[in-house]
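Just below is one structure, and these are the notes that go with it.
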Amino acid sequence: MDQITLSEAEWRKKLTPEQFHVLREAGTERAYAGALTDNKAVGVYRCAACQLDVFDSADKFDSGSGWPSFTQPIDEVAVSDHTDRSHGMVRVETRCARCDSHLGHVFPDGPPPTGQRYCINSVALDFVPR
């Protein structure tokens, strides 16, 4: 997979201020505020920064967390996981593997078959219906 590397100025030009805050500064949107949280349509979720397919609607579930949640990425190489020690916690941050944008976090409290809950910011995703 070809990596995408842009300068901060290029990212700021490409993204909305909210997208820049979440994707490039590892921010978080408010719970239940995202446009894709309750989306039930069939399709693919892409990284809003580089348009890489990162999650499939078949793996989306209602976690009650206030953010879109998935049991697994669309492909094991679509995302990368990193230790996040911010805010006095230790969590696993999930980033887009192509552009290194922050998508959200993954937690080991999801449903079968994976037991994972990828808790992803709506603003970090674009949805493409099938």
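Bear in mind the structure is a predicted one, so any value in this text is a computation, not a measurement.
- Of all the heavy atoms in Ala48 and Leu125, the pair that sits closest is CB-N, 3.9 Å.
- Of the candidates Asp53, Asp59, Asp126, Asn39, Tyr45 forms a side chain to side chain donor-acceptor pair (under 3.5 Å) with just one, namely Asn39.
- Counting heavy atoms of neighbouring residues, nucleotides and ligands inside a 6.0 Å radius, atom NZ of Lys13 does not exceed 12 of them.
- From Arg98, atom CZ reaches atom SG of Cys47 across 8.0 Å, with rounding to the nearest 0.5 Å.
- Phe20 is not listed as a side-chain neighbour of Val123, based on a closest heavy-atom distance of 4.5 Å or more.
- Atom CZ of Arg130 has more than 12 neighbouring heavy atoms from other residues, nucleotides or ligands inside a 6.0 Å radius.
- Ile120 has its side chain out of reach of Trp67: every pair of non-hydrogen atoms, C-beta onward, lies at least 4.5 Å apart.
- Taking all atoms of both residues into account, the shortest heavy-atom contact from Glu29 to Val22 is N-CG2, 4.1 Å.
- Atoms CG and CG, on Asp75 and Asp56 in that order, are 11.5 Å from each other to the nearest 0.5 Å.
- By the 4.0 Å N-to-carboxylate-O rule, Lys14 lies too far from Glu10 to be salt-bridged with it.
- Between Trp11 and Ala49 the shortest heavy-atom distance is CZ3-CB, 3.5 Å.
- The two residues Cys50 and Cys96 have their closest heavy-atom pair at SG-SG, 3.5 Å.
- No chain of hydrophobic side-chain contacts below 4.5 Å, direct or via other Ile, Leu, Val, Met, Phe, Trp or Tyr residues, connects Val44 to Leu103.
- Counting heavy atoms from C-beta outward, Asp84 and Val92 have side chains that stay 4.5 Å or more apart.
- Taking both residues in full, the closest heavy atoms of Gly110 and Phe61 are given as CA-CZ, 4.4 Å, listed atom of the first, atom of the second, then distance.
- Using a 4.5 Å heavy-atom cutoff, the side chains of Pro111 and Thr71 are in contact.
- Contact of the Ser69 side chain with the Tyr118 side chain is not registered, since no non-hydrogen atoms from C-beta on lie closer than 4.5 Å.
- Here the options are Gln19, Arg95, Arg24, the test is side chain to side chain donor-acceptor pair (under 3.5 Å), and the partner is Ser101; only Arg24 passes.
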Please report the C-alpha distance between Asn121 and Thr28 in whole Å, then the side-chain angles of each, then the deciding distance to 0.1 Å, and finally whether the side-chain contact (heavy atoms from CB on, under 4.5 Å) criterion is met.
-> CA-CA 7 Å; Asn121 291 283; Thr28 302; 3.6 Å; yes

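- At least one side-chain heavy atom of Leu15 sits under 4.5 Å from a side-chain heavy atom of Leu23.
- Panel note: side chain Tyr32, backbone Thr37; no donor-acceptor pair is recorded below 3.5 Å.
- The shortest non-hydrogen separation linking Cys119 to Ser65 is SG-OG, 3.7 Å.
- Atom OG1 of Thr94 sits about 6.0 Å away from atom CZ of Phe55, to the nearest 0.5 Å.
- A chain of hydrophobic side-chain contacts below 4.5 Å, direct or via other Ile, Leu, Val, Met, Phe, Trp or Tyr residues, connects Val54 to Val77.
- Linking ILVMFWY side-chain heavy atoms closer than 4.5 Å, directly or via other members, places Leu52 and Leu36 in a single hydrophobic cluster.
- Aromatic ring orientation, Phe107 versus His105: tilted (interplanar angle from 30° to 60°).
- With values rounded to the nearest 0.5 angstrom, Leu6 atom CG is found 12.0 Å from Asp100 atom CG.
- For the atom pair Ser86 OG and Glu93 CD, the distance stands at 8.0 Å (nearest 0.5 Å).
- Here the straight-line distance linking atom NE2 of His102 with atom CD of Glu25 works out to 11.0 Å at 0.5 Å rounding.
- For Gln3, the side chain to side chain donor-acceptor pair (under 3.5 Å) test picks out no residue, with sequence neighbours left out.
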